Amino acid sequence: MDLSPPPPSAQARPLVVLGLESSCDESAAAVIRRHGDGRIEVLSDVVLGQEAAHAPFGGVVPEIAARAHAEAMDGLARDALQSASLTLANMDGIAATSGPGLIGGVMAALMTAKGLALGSGKPLIAVNHLEGHALSPRLVEPLAYPWLLLLVSGGHTQLISVEDFGVYRRLGSTLDDAAGEAFDKTAKVMGLGFPGGPAVERAAATGVPGRFDLPAPLQRRAGCDFSFAGLKTAVREAWDGLHEPGEQDRADLAAAAQSAIAAHLAKRTERAMTVFAEAFPHEARPLPLVVAGGVAANATVRDALRTAAERQGFRLIHPPSKWCTDNAAMIALAGAEHLARGETNALDVPARARWPLDADAATLSPVIGAGRKGPKA
Ligand code: KG4
Ligand code: ZN
């Protein structure tokens, strides 16, 4: 990949970066060190979830999330610095998610980062949340590009070919609901509580998946996109069709929904593996398939992906769940990578509700874009 090389002085020097995240329902702050060889060390990482606040509503309520983030962000930034035994003066830059996500939430981390950057005179780096997820396996191991990423969370279901830093190609994404929403809505229909994924997995443990015949989505559609809306309706209809449903009915339907979601994810990901393998015929095998996002915690989903990966000559990499779900270490990591390349942002950089990763990459890299220097220039 012919990206222009980073400035050697910046590249060789270790960089310490504070990262802030607030785009969905986790408020988080972390400090990482990026060594000159690109190795990442997480010095601190604090997360404050909001599950209890949203549980009565069966899903994330944007206004509640925004208020909770705004209240938490300052304290979390301080905690992250303290637990790394560092101060703002030791930071080389301050990174914050600036999109995509719930706009009121995104603004909390971004505004806090702007305030800290202004007060300390340190550079600000506005990070695409999806780029954080895309790079997250490097929090665990110095994985070499390229890799294929399946991001499956409550907000996103995407297959991204991570070809180099700043070069991301989306191979597929959901046409309607995210995979996490499919779990959450299944749980809601059956009164299993929020967040739904873990509740469905627990209920499914004693269920028989074959009892309910749920449809396999997008059977006749080529490509690697996903769809979960039909499954959601089928689960509701199956549930409504039961007369005074009991525990076993709940377990059986949870098991059926879980295996239908897992099978669909594995099937479309298998197609993406074929596309990816063809694009990189000379890369060493097995090729890496990274799965990230809250749904990656599901054992049935992971087993289905592992089987598909083995069939296609891929190695499944599942980072520990604290790096799979929303966290600030991945934002600090992405920020440090930009900083190492001299890419920082002005203090008037806006929060963005929508910010596709591949469109951004197209403007960042003259190799695959229209020759513009990109939004960070
Ligand atoms: O990545 P994440 O923590 O937050 C964002 O959505 O950004 O993902 C949360 C989603 C929720 O929809 C939740 O139900 C789902 O991940 N999830 C699971 C499991 N644990 C969390 N889904 C299936 N099985 C699980 N064990
Ligand atoms: Zn996320």
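Remember, it's 1-based here, ligands and their atoms both numbered in the order they're listed. Model, not experiment: these values are computed from the prediction. Numbering starts at 1 and runs along the sequence shown.
- Ranking the protein heavy atoms by distance from atom 10 (C) of ligand 1 puts G154 N, 3.4 Å first.
- Scanning the protein heavy atoms around atom 24 (N) of ligand 1, the nearest turns out to be N298 ND2, 3.0 Å.
- Distances from atom 3 (O) of ligand 1 to the heavy atoms of D177, T325, V47 put T325 nearest.
- Of all protein heavy atoms, the one closest to atom 7 (O) of ligand 1 is D326 OD2, 3.0 Å.
- Interface atoms of ligand 1 facing G180, defined by a heavy-atom separation under 4.0 Å, are 12 (O).
- Not a single N/O/S atom of C24, whether from backbone or side chain, sits less than 2.8 Å from the Zn ion (ligand 2).
- R315 has no carboxylate O lying under 4.0 Å from a charged side-chain N of E310, or vice versa, which leaves the two without a salt bridge.
- At least one donor-acceptor pair closer than 3.5 Å links the side chain of D176 to the backbone N or O of A229.
- Donor-acceptor pairing under 3.5 Å is lacking for the side chains of D303 and T300.
- D326 has its closest N, O or S atom to the Zn ion (ligand 2) at the position named OD1.
- The nearest protein atom to atom 26 (N) of ligand 1, hydrogens excluded, is given as E201 OE1, 2.8 Å; this is a heavy-atom distance.
- Counting atoms of ligand 1 from 1 in the listed order, those under 4.0 Å from a heavy atom of G155 are 6 (O).
- Near F183, the atoms of ligand 1 lying under 4.0 angstrom from a non-hydrogen atom of the residue are 22 (N), 23 (C).
- Under the 30°/60° scheme for interplanar angles, the aromatic rings of Y145 and W147 are found to lie parallel.
- For C24, no nitrogen or oxygen atom sits less than 3.5 Å from a nitrogen or oxygen atom of ligand 1, counting backbone and side chain alike.
- At distances below 3.5 Å, not a single donor-acceptor pair connects side-chain atoms of K122 with backbone N or O atoms of D92.
- In this structure, H133 and H129 have perpendicular ring planes: the angle between them is above 60°, well past the 30° mark.
- Within 6.0 Å of atom NZ in K188, 12 or fewer heavy atoms from other residues, nucleotides or ligands are found, so the atom counts as exposed in its surroundings.
- Every N/O-N/O distance between G293 and ligand 1 stays at or above 3.5 Å.
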ring-ring contact (aromatic ring centres under 6.0 Å, His included) evaluation trace for F226 with H264: CA-CA 8 Å; F226 302 89; H264 183 47; 5.7 Å; yes

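- Nearest N, O or S atom of H129 to the Zn ion (ligand 2): atom NE2.
- Salt bridge present: R341 and E337 bring a charged side-chain N and a carboxylate O closer than 4.0 Å.
- Looking at R268, its side chain does come within 3.5 Å of a backbone N or O of L218 through a donor-acceptor pair.
- Below 4.0 Å from some heavy atom of S153 lie the following atoms of ligand 1, by number and element: 1 (O), 5 (C), 6 (O), 7 (O), 8 (O).
- Residue, atom and distance of the protein heavy atom nearest to atom 18 (C) of ligand 1 are G197 CA, 3.4 Å.
- Looking from atom 12 (O) of ligand 1 to the surrounding protein, the closest heavy atom is D184 OD2, 2.8 Å.
- Looking only at protein heavy atoms, the nearest one to atom 2 (P) of ligand 1 is G294 N, 3.6 Å.
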